[in-house]
Amino acid sequence: MKKKVNDLKSEGNKALETSDFEEAIKKYTEAIALDPENHVLYSNRSAALTKAARYLEALGDADKTIEIKPDWAKGFSRKGTALCYLNRYEEAASVFMEGLKIDPENAQLKNGLEDAQSKLSGPSGSQPLGNPFAAPDIMQRLEANPKTREYLKQPDYRMMIQLLQQNPNSLQSFQDPRIIQTLGVLLGFDLEQKQADASEDKDSEAMPEQTSMPSQRSNSNSQNHSNSVPENQPNSQAQEEKLKGNEAYKKKDFETAIVHYDKAIELDPTDITFRNNKAAVYFEMKEYDKCIETSEEAINIGRENRADYKLIAKALARAGKAFMKKEDNDSALRYLNKSLSEHRNPEIQKIVQVLDKKIKEDERLKYIDPEKSLEAKTLGNDYFKKGDYPNAKKHYDEAIKRNPDDAKLYSNRAACYTKLLEFNLALKDADKCIELDPKFIKGYLRKGSIFYAMKEPSKAAQSYLKALDLDPNCEEANQGYRDSRMAEGNDPEAVRKRAMADPEVTQILKDPAMQLILQQMEKDPKAVREHLQNPEVAAKIEKLMECGIIALR
């Protein structure tokens, strides 16, 4: 599978180089289907999507890249670039700065930040208002709003939008109420939107939605009473029932609240908020199955009647939270992600991140099996003896997944990495081995051999010395220590010059207290043990030993 992924990635790269962006996107997408946790694939597809002017999708892939690999600067570069193309320069600048915290010398991030900041020409260096009709994602935003979605079906409306994209100064000549409504949507507020959203509480469901009643304004040009809404109209009665349900909810009289919401639904079965409120009540009653069922009904009604996407997102999120309470995390994650696809609520995003980590951790724990780990380790040892180090590593990987707390497995894989000349990975495994079992001598021996192979004899000697603390008679540790000291002593002047170039070493040697301690150690070797009891002094002595300035005999 890994070969197939790499092949698809290479094909995608070639297509990107030849400016065949759609083909590149296709190849990266196929690779992601095989390896959905590969951050490089999302990064590459983000680049291809940006080139194809599909900036919102590029932003989504950049977010995924950062989610998988938050310490990789390129993910922030991809996100900042997509935001710049969306004319969201203030957000882009913030993203580039986050990336520079990880890699302060990254040229792409520096250039991106400079470019984004140059566009912040508003008051106090803020995002300028600009032309909202020129935004690259204008059509997606208008399609997402229920009212403007309907307007897009009208040819004259589309023509007006195109004119405003070309010449924003002509806005003042348009008196069409549809354009006023559109301007509100693009600027982030709906001028005619009913106040239907309810804030979400972290641990419990919030107060059901408070949709305000339509105002009964008189028509100044006509006194015809038939134009006003009668008090006993079904929609008006439904709103009254909903308000009664809300009052009952506040008093925690949940049964009464449900009765009123049911009456509201009977009077107006097309309003999503009545079912949303009813689902909120079931959630508070801990009747999670009914909450999910009612939320599903709300979602279907909302889609049939083109309800505001935020209300649909709320119903999906509530169903997701109910699944969480039922400890059905897979279903919960599915519904919460659907909610984010409707509306990216920051709170739901945080819940999804935590839940996703929990699911992965649960899967990791379920996979643990010491017996199967031993089987994989045995196979790894067999391949290691044959000199087939890639296959040995593969089985050690499996053994570690099956039993991640076995220090010996990390020691074995460290030996494998050393043979493959992957010294940094080998060192990481040796450190993990020591972390899991500080008294396991093999961990220090591995670390010493790795440092020796990396031509760092001082650090190698330190590791062998720690092994000798555990077993003074260990021949491998004694031999390793002698070899390291010999390698280090071949060019003592070079060792000293390298050490003195380190500001930390210079500061230690200038410290009057440390000078006195070093003099005592030279005259009386037994004084070393006493000074090593002080953690701060011990750390400084260890630093000097690592650099080859002093040696303990």
Side-chain angles (χ1 to χ4, degrees), residues 407-408 410-411 414-415 417-418 422-553:
K408 293 177 183 177
Y410 292 95
S411 171
Y417 276 133
T418 304
E422 294 281 0
F423 298 125
N424 287 329
L425 292 173
L427 194 58
K428 185 178 178 182
D429 270 1
D431 283 333
K432 185 66 177 179
C433 171
I434 293 167
E435 177 192 325
L436 290 170
D437 188 354
K439 294 185 178 180
F440 182 50
I441 192 171
K442 202 77 171 176
Y444 298 101
L445 294 174
R446 293 282 186 232
K447 194 169 180 178
S449 65
I450 295 162
F451 277 130
Y452 192 84
M454 293 172 74
K455 301 190 184 304
E456 295 194 41
S458 296
K459 292 181 180 179
Q462 271 292 294
S463 297
Y464 285 124
L465 198 59
K466 288 178 180 177
L468 289 169
D469 286 342
L470 295 173
D471 182 2
N473 299 316
C474 177
E475 181 55 35
E476 185 179 347
N478 275 302
Q479 185 61 47
Y481 182 75
R482 285 194 295 271
D483 290 344
S484 299
R485 284 304 181 203
M486 188 176 295
E488 187 180 31
N490 285 338
D491 190 358
E493 186 58 31
V495 171
R496 182 172 180 80
K497 282 183 180 179
R498 186 171 63 248
M500 294 305 292
D502 186 338
E504 187 180 350
V505 172
T506 306
Q507 188 175 2
I508 291 172
L509 293 175
K510 286 182 178 178
D511 183 350
M514 281 302 299
Q515 290 175 0
L516 182 61
I517 290 170
L518 292 172
Q519 289 172 10
Q520 288 178 349
M521 288 169 57
E522 189 175 353
K523 293 176 182 177
D524 181 9
K526 292 181 181 179
V528 175
R529 293 187 179 278
E530 182 181 343
H531 289 305
L532 289 176
Q533 299 299 314
N534 183 324
E536 188 177 344
V537 172
K540 291 178 179 179
I541 291 173
E542 186 174 338
K543 177 67 178 179
L544 295 177
M545 288 175 66
E546 283 180 2
C547 296
I549 296 293
I550 62 172
L552 299 182
R553 305 296 180 190

Heavy-atom side-chain proximity of [X] to [Y] below 4.5 angstrom:
{"X": "Lys442", "Y": "Glu476", "result": "yes"}
{"X": "Lys466", "Y": "Ile434", "result": "no"}
{"X": "Lys432", "Y": "Glu435", "result": "yes"}
{"X": "Leu518", "Y": "Leu509", "result": "yes"}
{"X": "Glu456", "Y": "Ile450", "result": "no"}
{"X": "Leu427", "Y": "Asp431", "result": "yes"}

Test item: Arg446 side-chain N/O and Ser411 main-chain N/O as donor-acceptor pair under 3.5 Å
yes

I'd like to know if the side chain of Tyr444 and the backbone of Pro438 have a donor-acceptor N/O pair within less than 3.5 Å.
yes

How about CD on Glu536, more than 12 heavy atoms from neighbouring residues, nucleotides or ligands closer than 6.0 Å, or not?
no

Check whether more than 12 heavy atoms from other residues, nucleotides or ligands sit under 6.0 Å from atom CD of Gln507, and answer yes or no.
no

Interatomic spacing from [atom1] in [X] to [atom2] in [Y] - rounded to 0.5 Å:
{"X": "Leu470", "Y": "Leu465", "atom1": "CG", "atom2": "CG", "answer": "10.5 Å"}
{"X": "Asp483", "Y": "Tyr452", "atom1": "CG", "atom2": "OH", "answer": "5.0 Å"}
{"X": "Leu544", "Y": "Ile517", "atom1": "CG", "atom2": "CD1", "answer": "10.5 Å"}
{"X": "Glu504", "Y": "Lys543", "atom1": "CD", "atom2": "NZ", "answer": "4.5 Å"}
{"X": "Ile441", "Y": "Leu468", "atom1": "CD1", "atom2": "CG", "answer": "7.0 Å"}

Work out which heavy atom in [X] is nearest to a heavy atom in [Y]; give both atom names and the distance.
{"X": "Arg482", "Y": "Glu475", "value": "NH2-OE2, 3.4 Å"}
{"X": "Cys433", "Y": "Phe440", "value": "SG-CD2, 3.4 Å"}
{"X": "Ala407", "Y": "Asp437", "value": "CB-CB, 3.8 Å"}
{"X": "Ala414", "Y": "Ala430", "value": "CB-N, 4.1 Å"}
{"X": "Tyr464", "Y": "Ala477", "value": "CB-O, 3.7 Å"}

Any salt bridge linking Lys428 with Glu422? Criterion: basic side-chain nitrogen under 4.0 Å from a carboxylate oxygen.
no

Tell me, with the steps shown, if Asn424 and Met454 meet side chain to side chain contact (heavy atoms under 4.5 Å, CB included).
CA-CA 9 Å; Asn424 287 329; Met454 293 172 74; 3.9 Å; yes

